[in-house]
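Remember, it's a predicted structure, so these values are computed and weren't measured experimentally. Values below: every heavy atom of this structure, side chains too, minus hydrogens, waters and symmetry copies. When a ligand or atom number is given, it counts from 1 through the structure's own listing order.
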Amino acid sequence: MNYISTRGAGIGERHTFSDILLGGLAKDGGLYLPGDYPQVSADELARWRALPYADLAFEILRKFSDDVPAEDLRELTRRTYTAQVYCNVRDEENAAQITPLKTLGVEEGTPLSLLELSNGPTLAFKDMAMQLLGNLFEYTLAKHGETLNILGATSGDTGSAAEYAMRGKKGIRVFMLSPHKKMSAFQTAQMYSLQDPNIFNIAIDGVFDDCQDIVKAVSNDHAFKAQQKIGTVNSINWARVVAQVVYYFKGYFAATKHNDERVSFTVPSGNFGNVCAGHIARMMGLPIEKLVVATNENDVLDEFFRTGIYRVRKSSETYHTSSPSMDISKASNFERFVFDLLGRDPKRVLQLFRDVEEKGGFDLQSSGDFARVQEFGFVSGRSSHDDRVETIRDVFQRYDIMIDTHTADGVKVAREHLQAGIPMIVLETAQPIKFGETIREALEREPERPAAFSGLEDLPQRFEVLPNDAQRVKDFVAAHTKT
Ligand SMILES: *Cc1c(COP(=O)(O)O)cnc(C)c1O
């Protein structure tokens, strides 16, 4: 398997899975994709139906990482996808399935279900990929005798998923910046209660954007970055995307009896990482009818899939919503889909994303490329605060199931795209406890709390408060990377 950049650099060079695992962007600023999507044969699809999650993950990842010895990969997937790691299930008997499918009911002649992706340690779907990444990083670093210091900024989900994936891992330290006293009590406790010596929570006196600016400033100091072996785990990481392909197959098998049936997926979307994995599953040959992109008020993606115009937002135009993990101004993985949409023409991709930087967007309507979006199965919709409150209430009253705000955006938009006879699967991206305020508003009751999280807010917390100053963060990192 050879990887290429969406902007065309390194054509003719070889990049294996291990080569791109620890990096971010390609050196031309593009994103990595496989030179060709591996195809799944009818025989494979039939055989995979019965596999447990870990072995299905092995079969799929194997097709993208033929430079990793098979026995090592099998060991890594079996160690990652266990009922112990994904233990926060609401129905005990589902624990072994890792991503159980829960049918809400039949609406407009079609089964509407949730694929539970939030049973991992931080109760959000990011654990699905991040837990594997933790094990892959540790394995690869050990092989090359290297170490890595991960620097990131978070306002919630990504940072905690990264910390829980990397805690206790050999050769890895995590320095995670978060805005001091700006996260919910639950999210703060989730991160700051970690006592592992390789995890450093840095509370910055500032807002989330300040944290992000510090990470950018540190990353732009190339000498410091190289000397301190600084890396990231952001959503463009290829291994994260490919790990997410697995649950589209798992969800398909759970919703169908035979491999000639088709299903649709609705994906609560922000940076386009999750639904990009669905696109890849479809390109591999999984019988997916529609990929429904659901956004909140930050509707960059919905606007594109309705009009063909991609227009990134300024930070002043980016809303803080009650589904905060989808509050984005641009969708960092979107370039991967645009590459395929344009028939994999790197020159045009380069031009379009230059236009994004210089003019704030591009328009594929007038060029005629937009018509091809249908061939790829994409449709979209958006949801507002009122929609999500109404949907949380409706699903609870009708089906006695409590859903989180992001999943509610998914259910709201899924209902606008039901087709008789084609099962609709909404990806459940988080558990309600993470966004308790909106649950109380919608249901006038407390969100459900998985047993393992009782008393979380009372645990001792370990964090360092630093001023909004990149140099102080650099000093802190340097002082804690001496072994
Ligand atoms: C990250 C996240 C999303 C958005 O996923 P993308 O891959 O960025 O599109 C949706 N819901 C939750 C709960 C998340 O944490």
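Take Glu437 and apply the salt bridge (charged side-chain N to carboxylate O under 4.0 Å, His left out) test, not counting sequence neighbours, and it matches no residue.
A centroid separation of 6.0 Å or more is found between the aromatic rings of Tyr3 and Phe64. Taking the six-membered ring wherever Trp is involved, the centroid distance between the rings of Phe334 and Phe304 falls below 6.0 Å.
For ligand 1, the protein residues placed under 4.0 Å by at least one non-hydrogen atom are Phe125, Lys126, Asp157, Pro268, Ser269, Gly270, Asn271, Phe272, Gly273, Asn274, Ser325, Met326, His406, Thr429, Ala430.
Residues Asp387 and Arg382 are not paired through a salt bridge, judged by the lack of any N-O separation under 4.0 Å between the basic side chain and the carboxylate.
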Return all side-chain donor-acceptor pairs below 3.5 angstrom for residues 209-219, not counting sequence neighbours, or 'none' if the list is empty.
{"unit_1": "Asp210", "atom_1": "OD2", "unit_2": "Val207", "atom_2": "N", "d": "2.9"}
{"unit_1": "Ser219", "atom_1": "OG", "unit_2": "Val215", "atom_2": "O", "d": "2.8"}

Kindly list each side-chain donor-acceptor pair under 3.5 angstrom involving residues 353-364, sequence neighbours excluded, with atom names and distances?
{"unit_1": "Asp355", "atom_1": "OD1", "unit_2": "Gln351", "atom_2": "NE2", "d": "3.1"}
{"unit_1": "Asp363", "atom_1": "OD1", "unit_2": "Gln365", "atom_2": "N", "d": "2.7"}
{"unit_1": "Asp363", "atom_1": "OD2", "unit_2": "Ser366", "atom_2": "OG", "d": "3.4"}

